[in-house]
Amino acid sequence: MFAYDSGTEWTAIYTRMVIGVRGKVFTCSNYEAIRSITSHDFPPPDIQQLEWEEIGKLKSSWECLSVTTEEDEVLKFWVPAGKEAFAFWNILLMLSRMASR
């Protein structure tokens with residue numbers, strides 16, 4: 001699975017690892033090293049004060065996954081905003097769980 005925005009914003013999910021570039025930073029991780037996956041941009045600190053519609057707009061606009069490895073390293077991967085971001089998140093989650101068995 002591959003998502004591309006530009007030469008400095010892309011992510012690829014391969015059979016054994018995820019590789020990507022965000023900004024000018026190259027990042028990669030084996031699936032068995034992934035401990036957790038979260039959205040880098042969400043939730044905002046003031047989420048309790050937001051309406052449901054605003055929360056939905058924020059969720060559909062983030063473009064970065066934070067992957068924490070077993071060594072407590074936080075890796076940032078660019079993902080396309082919207083449904084594709086959730087697809088990348090779910091696939092990475094599934095692959096990391098399969099690799100840890």
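All values reported here derive from a predicted model rather than from experimental measurement.
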Between V74 and V67, is any pair of side-chain heavy atoms under 4.5 Å apart? no
Just so I know, are the side chains of L65 and T38 near enough to count as touching, which here means a heavy-atom distance under 4.5 Å? no
Nonpolar side-chain network containing I19, other nodes, edges under 4.5 Å: F2, Y4, W10, Y14, M17, V21, F26
Please report the interatomic distance CG(N90) to CG(L95), rounded to the nearest 0.5 Å. 11.0 Å
Please, which pairs that meet side-chain hydrogen bond (donor to acceptor under 3.5 Å, both in side chains) have at least one residue in residues 71-82, sequence neighbours excluded? R35-D72, H40-K76, S66-K76, T69-E71
Quick one: do I13 and Y31 satisfy side-chain contact (heavy atoms from CB on, under 4.5 Å)? Show the steps, please. CA-CA 10 Å; I13 295 178; Y31 299 127; 3.0 Å; yes
Heavy-atom side-chain proximity of S96 to E32 below 4.5 angstrom: no
Rounded distance [0.5 Å steps], CE in M98 versus CG in L93: 11.5 Å
Does the side chain of F88 come within less than 4.5 Å of I37's, by heavy atoms? no
Could you work out, with side-chain hydrogen bond (donor to acceptor under 3.5 Å, both in side chains) as the rule, every residue matching T27, not counting sequence neighbours? none
Distance check, rounded to the nearest 0.5 Å: S29 atom OG versus L75 atom CG? 5.5 Å
Between V79 and C64, what is the shortest heavy-atom contact and its length? CG2-N, 3.9 Å
Look up atom CZ in R97 and atom CD1 in I34, then write down how far apart they are to the nearest 0.5 Å. 11.5 Å
Roughly how far apart are E84 CD and I91 CD1, rounded to 0.5 Å? 11.0 Å
